[in-house]
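These notes concern the structure reproduced below.
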Amino acid sequence: MKRFYYMTKSLSSVLGIHHDLEEAGIGHNRMHVMGKNNTVLEAASVHTTTPWEETDIMHSGFIGAVGGLIAGLLIGLILVGWQPFGIMLGSVTVIASTAFFLCLGAWFGGLVGISRRNHHLQKFLPDVARGEYLVMVDTDDSNQERRVRRVMGERHREARVAGEEDGYSPFF
């Protein structure tokens with residue numbers, strides 16, 4: 001998936017972009033808009049960013065889960081090899097330990113991530129704080145990419161290209 005980022009200064013521009021991209025076959029669920037005040041965008045029926053997109057919960061939760069997986073695997077293997085209770089522990093101990101620490105790591109990571117802004121959006125936040133709108137458009141194939149580039153280049157020169165991400169994933 002590829003994500004395009006555009007910055008624009010007015011709500012009318014956002015509405016025009018939203019309308020024109022939908023006409024070009026890019027669904028409204030593929031467009032996300034972040035503004036200083038999302039209430040205005042929601043009142044205009046624009047697909048705004050959600051807390052999942054605004055915070056780093058997915059990325060931090062994933063990192064926490066990976067750390068928990070590694071820690072759980074190591075702790076499980078240590079318990080099996082050390083046998084601290086004088087009881088023969090087997091593979092179930094490794095599996096249970098790994099599953100427990102994987103979930104614990106994902107939970108801790110999510111708690112950290114919910115308090116942070118999305119790392120993909122950090123460079124755009126100063127502009128959003130000044131009152132501009134960040135328009136994000138996700139595409140799945142080169143055909144959609146061409147349509148987005150054409151619509152934005154021909155009809156919306158007021159919106160400046162702020163960036164592109166190849167292989168966008170909220171996890172990385």
Side-chain angles (χ1 to χ4, degrees), residues 1-69 102-172:
M1 178 169 73
K2 185 169 196 157
R3 176 169 272 187
F4 293 91
Y5 297 97
Y6 296 94
M7 296 299 301
T8 189
K9 294 184 181 192
S10 70
L11 180 59
S12 61
S13 176
V14 169
L15 293 172
I17 291 168
H18 199 264
H19 177 265
D20 291 343
L21 286 175
E22 276 193 336
E23 269 189 358
I26 307 297
H28 75 280
N29 62 329
R30 309 300 291 160
M31 294 176 268
H32 315 278
V33 181
M34 176 185 244
K36 190 173 183 178
N37 183 358
N38 278 354
T39 308
V40 173
L41 294 166
E42 290 169 358
S45 299
V46 173
H47 193 236
T48 61
T49 54
T50 66
W52 289 97
E53 295 159 334
E54 291 178 5
T55 64
D56 223 15
I57 191 169
M58 297 291 284
H59 174 72
S60 296
F62 179 75
I63 299 298
V66 169
L69 176 86
L102 178 129
C103 293
L104 187 67
W107 182 57
F108 282 155
L111 288 176
V112 169
I114 197 103
S115 65
R116 293 184 182 166
R117 294 297 233 163
N118 187 323
H119 66 284
H120 292 280
L121 305 180
Q122 287 293 333
K123 61 186 172 189
F124 309 115
L125 294 178
D127 294 330
V128 171
R130 282 193 300 273
E132 292 189 46
Y133 296 98
L134 173 63
V135 178
M136 298 169 276
V137 184
D138 298 329
T139 59
D140 291 321
D141 56 37
S142 59
N143 186 26
Q144 286 181 341
E145 288 177 32
R146 280 192 304 277
R147 284 186 276 164
V148 168
R149 288 181 201 278
R150 188 188 79 243
V151 166
M152 295 304 291
E154 292 174 2
R155 298 184 195 170
H156 295 285
R157 295 187 183 266
E158 78 281 2
R160 68 178 163 82
V161 177
E164 296 178 10
E165 273 187 271
D166 287 319
Y168 171 81
S169 171
F171 296 111
F172 302 110

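Just so you know, these numbers come straight off a predicted model, no measurement behind them.
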Which heavy atom of [X] sits nearest a heavy atom of [Y], and at what distance?
X      : Y      : value
Gly109 : Ser60  : O-CB, 3.0 Å
Phe124 : His120 : CE1-O, 3.6 Å
Val151 : Ala24  : CG2-CB, 3.6 Å
Ala159 : Ile17  : CB-CD1, 3.9 Å
Thr8   : Ser13  : OG1-OG, 2.7 Å
Asp56  : His119 : OD1-ND1, 2.7 Å

Could you go through Phe4 and Val161, starting from their C-alpha distance and side-chain angles, then the distance that decides it, and tell me whether this counts as side-chain contact (heavy atoms from CB on, under 4.5 Å)?
CA-CA 8 Å; Phe4 293 91; Val161 177; over 6 Å; no

Any chance CZ of Arg116 has more than 12 other-residue heavy atoms, nucleotides or ligands included, within less than 6.0 Å?
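Open.
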
Nearest-0.5 Å distance that lies between atom [atom1] in [X] and atom [atom2] in [Y]:
X      : Y      : atom1 : atom2 : result
Asp127 : Glu132 : CG    : CD    : 4.5 Å
Met34  : Thr50  : CE    : OG1   : 9.5 Å
Asn38  : Thr48  : CG    : OG1   : 4.5 Å
Tyr6   : Glu164 : OH    : CD    : 6.5 Å
Ile114 : Ile57  : CD1   : CD1   : 4.0 Å
Met152 : Asp20  : CE    : CG    : 9.0 Å

Checking side-chain polar atoms at under 3.5 Å, does His156 have a donor or acceptor matched by the opposite partner on Glu158?
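Side-chain D/A pair, His156 to Glu158: present.
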
Salt bridge (charged side-chain N to carboxylate O under 4.0 Å, His left out) pairs, two or more places apart, involving residues 35-46:
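Qualifying pairs: none.
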
Quick one, Val148 with Arg30, criterion side-chain contact (heavy atoms from CB on, under 4.5 Å). Give me CA distance, side-chain angles, the key distance, then yes/no.
CA-CA 11 Å; Val148 168; Arg30 309 300 291 160; over 6 Å; no

Output, in order, the C-alpha distance, side-chain angles, deciding distance and verdict of side-chain contact (heavy atoms from CB on, under 4.5 Å) for Thr49 and Met136.
CA-CA 9 Å; Thr49 54; Met136 298 169 276; 3.1 Å; yes

Any heavy-atom pair between the side chains of Leu41 and Tyr133 that's under 4.5 Å?
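Yes, close enough: below the 4.5 Å cut-off.
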
Run Asn118 and Glu54 through side-chain contact (heavy atoms from CB on, under 4.5 Å) and show every step you take.
CA-CA 5 Å; Asn118 187 323; Glu54 291 178 5; 5.9 Å; no

When Asp138 is tested against each of His32, Glu165, Lys2 for side-chain contact (heavy atoms from CB on, under 4.5 Å), which residue passes?
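Testing Asp138 for a side-chain contact (heavy atoms from CB on, under 4.5 Å) against His32, Glu165, Lys2 leaves exactly one candidate, His32.
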
Mind telling me whether His47 and His28 have parallel, tilted or perpendicular rings, with 30° and 60° as the class edges?
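Aromatic pair His28/His47 classed perpendicular.
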
My understanding is that only residues two or more places apart in sequence, or in another chain, count here; which of them pass side chain to side chain donor-acceptor pair (under 3.5 Å) with Glu22?
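Expected list: none.
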
